[in-house]
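Every chain is numbered from 1, with letters handed out A, B, ... down the list of sequences.
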4 protein chains.
Amino acid sequence: MALDDARGVFPIAPTPFLDDGRVDAGSIDRLVDFYLGCGATGVTVLGQLGEAPKLEHAESTAIAGQVIRRARGLPVIVGVSAPGFAAMRALTREVMEQGAAGVMIAPPNTLRTDDQIVGYYRQAAEAIGNDVPFVVQDYPLTFSVQMTAGVIRRIVTEIPSCAMLKHEDWPGLDKISTLRGFERDGSMRHISILCGNGGLFLDYEMERGADGANTGYCFPDMLCDVVRLSAEGRREEAHDLFDAHLPLLRYEQQPGAGLAVRKYVLMRRGILATATQRRPAAPMSAATRAEVDHLLERLARHDPRARLEPA
Amino acid sequence: MALDDARGVFPIAPTPFLDDGRVDAGSIDRLVDFYLGCGATGVTVLGQLGEAPKLEHAESTAIAGQVIRRARGLPVIVGVSAPGFAAMRALTREVMEQGAAGVMIAPPNTLRTDDQIVGYYRQAAEAIGNDVPFVVQDYPLTFSVQMTAGVIRRIVTEIPSCAMLKHEDWPGLDKISTLRGFERDGSMRHISILCGNGGLFLDYEMERGADGANTGYCFPDMLCDVVRLSAEGRREEAHDLFDAHLPLLRYEQQPGAGLAVRKYVLMRRGILATATQRRPAAPMSAATRAEVDHLLERLARHDPRARLEPA
Amino acid sequence: MALDDARGVFPIAPTPFLDDGRVDAGSIDRLVDFYLGCGATGVTVLGQLGEAPKLEHAESTAIAGQVIRRARGLPVIVGVSAPGFAAMRALTREVMEQGAAGVMIAPPNTLRTDDQIVGYYRQAAEAIGNDVPFVVQDYPLTFSVQMTAGVIRRIVTEIPSCAMLKHEDWPGLDKISTLRGFERDGSMRHISILCGNGGLFLDYEMERGADGANTGYCFPDMLCDVVRLSAEGRREEAHDLFDAHLPLLRYEQQPGAGLAVRKYVLMRRGILATATQRRPAAPMSAATRAEVDHLLERLARHDPRARLEPA
Amino acid sequence: MALDDARGVFPIAPTPFLDDGRVDAGSIDRLVDFYLGCGATGVTVLGQLGEAPKLEHAESTAIAGQVIRRARGLPVIVGVSAPGFAAMRALTREVMEQGAAGVMIAPPNTLRTDDQIVGYYRQAAEAIGNDVPFVVQDYPLTFSVQMTAGVIRRIVTEIPSCAMLKHEDWPGLDKISTLRGFERDGSMRHISILCGNGGLFLDYEMERGADGANTGYCFPDMLCDVVRLSAEGRREEAHDLFDAHLPLLRYEQQPGAGLAVRKYVLMRRGILATATQRRPAAPMSAATRAEVDHLLERLARHDPRARLEPA
């Protein structure tokens, strides 16, 4: 399957660490196996919440390689955002040789005008090689770069190797409708639209025409179910499941604070060996931990997968 | 009651307009009566989502005056943020003479350093008069100004007329805990902390020590109930009610797009005569309207107040 | 003369205050007379460095009216930038009735995409009335809004009442060339381009096709001479005079600190009664004052107008 | 000499490239020899204008090594700013092993509060090793991070390995005075303050207590002369020389556009083989080139070093 036809859920994988800060290879295998079991259709590594900037170059390529091998043919996308094209090209080359399906590129937060944004992606595509499929990450809340639907259409139209949009504009529902409208009126070719932003609007994003999710919520199994139910037209079931998770999902989606929550829950679910973040990292407060435990207890009344052994 | 001891819910009032763009005085009365009926303990007008910048000066003071008179003694806070202190002082003087309980001041988005932030509030307090109680609005997502808990303590300590914090940092739960810790260790006097940010974390904010809510969600009756249940220690009931509203609340909290949703629901609830925003305003798409209707239908299964006549 | 054909120098007038903070009407008359004597072809009031946000509404209109009457028919442009269109419209109406030639509108610093910028000016033009000539202020360093030449062309083309560009992008020389190229190739109608940014590149801006200056440097007589010499093709004379002033001009152009320098020199030149800024204002340090005196002494070796009585 | 006692001029070296984009090792040697001949007291490589983000990792370390060896014992500072501490640590280790005197660290543009800034430098210092002297780069115009003098004092006081300030705040003269005042009143230990920002205020920065320059202006020989004349108390001579260069210096200091000017003049001076920038790079327009030639001609009337062979 070409990336521009991708559907389903590509979880954003966190990078597991041992307590002493070393990469935890065992947890990586467990995590990938878990994603496969959930029904994920791909995996994204070294993304914004993968702690990529804390990794040495050799660690980054090793992690990407391990995930690619373990994913048994599922497409793996690797985040290669970097302050310069030289580093971006070097990492891209190495992961594509290892079998990555494509790379994800976030815009530098200095971009302002439409032309700057399109120009940046044109240069990036040329730098990594025009044969490498790439994902545009549209996340104004974090990157301070605002792309109109028209700018995305220019990128898709002018750069053939653009294969996917990681949609996390906020608000962003009408943007999905506009982009799908561009496809229908023939002014833009089809690309895959997978949704991020923690999944906060996944319920209605699916109904607007998104192809699935590309985010790291600690219950990727729920994301897979909601995407599937929605695709099958079982609308209220999709919403019921989504709504049951929304209190925790909203809590995990807090910028900066969310990664600790995500790793903590994945540890409680038995997938990660520890919830450790590599330094520098903000520790999770005792009050936060208690709130997450409370959210899990309440969630367990609706979703048995949240019935976990006491922490 | 002094503002620094305020508790409960101060709804942020939208400004109602007629279809032709004129201020809708009838709806203002209805809105205030509705707030009183919900159990609100105060009202805030001309806030960020009150379309204040679209109002002529005379309109602003007229609206403030009408709300103050209609509120039968409940404290009314008036947003007076302005690019210069002259306009801020002029509006403050007029609304205080009409009986306002205090004013709310947002920081200009050019402030960066701790000293700049504290200095700005010191100058603002001097400009409006040191006897006028004011509310600090801490909303980095919208204003791009980041205040640490330490900076808020400096403002509270150095400026006696600071009476309240409109807390809408995000994430912000640990910040409430830190501020209440400052009070307990005697390093900061008590102020009222009311929570904004659309109410997205009101459930846990109350448990962290907040005094209530100061936001404009289209079901202020729910906000009042959650604050009351939480204060009474009926924790799970508070969460149950909050969680039932969370899908709609999250939808309404979308920056920019949320005000249209808020006015639309208040119209469907029979409180506003129209959902009109004064120009310039983004119209609500048909898809958005259908989604809001869907959210209301789903909410009605848990909260009968959402059982509305068909649109 | 229509504003879109304006040439020469429109000084940006500072607002003179007495030591007690009141507006100094006597100095306003002296200032306008001085501009006329220098050969100015217009005047701009209530601009970015006119301390407009510190003025009460009635003061703003009084100042604009006084300058208009005193300018004996020279076109006067009034800064009307405001956070909302209601205030912008109200001020515009009043100053146009008093005889202003047009208004200047800066973009709010939240604008990002090309469409947002064009849309803002379209709405502003509609709000103030499509018959009111307006100036687009292109000053990314201060406003954080980046307009490409293409966006300016869209504004000029789509909004007939756009009459002038206050050009202060930085760097900006090639932008002037591009805009004049648009005029030559017929893709944009002619507008006046007057240069701001303290005049830091006025020497070459004139050679790229600018029509003159629109800035507040404390020697507007020099600006008038440089514009005239350049227009007459006396290139090296223009540069010689400009270069002699560049050390002081650069010093005055410091963001934030420059206004104090400007007012101090205008006071030393006998035009303003005091160098007072209305509060809040950063005082000029003793070291700064000594440096300005030193710069004036050095300048006096080249330009006798800088030979001032001891401070 | 320890870095915290450094005086004189540390030119910011551009990275020379051949027309085909490869690093030009011959020009690097010529450039370092030229700096030594000018009287430079150190060199900084891989800085903001050294095109560091366009270099592969191996190229960066090779360039640093070559400059260190060629500089015959002069201290060489290496820019190691990176989005993550892992890459920063890796590059630091390699260049310190090759004999670098220290490293320069720019703040990421997401830092806002005082605590965030101090915390970032504390973590960076720990990451690179507490025995590695580092330079704090204070350049708000480019990095959008505002450090008060108090914050710099906190960094210097809390982190012993902080050795130097690259001062390029703007305006920044009073900041130098404040920092030197901190030293005099005993509240801050001494560090070296070298000035950047293209040298635009070097004349008065020296008089405020700066130790020299740390910038890449295309006449480092002038910078060395001005620093020496100023240190010798030959004030008017220092200003005369500085003022003669100011028109060109101002032109070169244009953000984004300046590097092309710098490389072009260094090529015309026979030091760089080409003016090539590695892609992506904005080409210098013909009009710009003509203006630079004109500025050089005019400068040559005052400084014979600007008498160059025709381009």
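- In this structure, chain D has a heavy atom under 4.5 Å from the side chain of A:Arg89, while its backbone stays farther away.
- Contacts with chain D were tallied for A:His57, A:Arg279, A:Met88; A:Arg279 has the most, counting heavy-atom pairs under 4.5 Å.
- Taking D:Glu126, D:Lys54, D:Arg278 one by one and counting their heavy-atom pairs under 4.5 Å with chain A, the maximum is reached by D:Glu126.
- Residue A:Glu59: no heavy atom, backbone or side chain, is found under 4.5 Å from chain D.
- Across every non-hydrogen atom of D:Pro53 and A:Pro83, the tightest pair is CB-O, 3.6 Å.
- For chain D, the nearby parts of A:Glu56 are the backbone and the side chain; heavy atoms of each come within less than 4.5 Å.
- When the candidates A:Gly84, A:Ser144, A:Pro280 are compared by the number of heavy-atom contacts under 4.5 Å with chain D, A:Pro280 comes out ahead.
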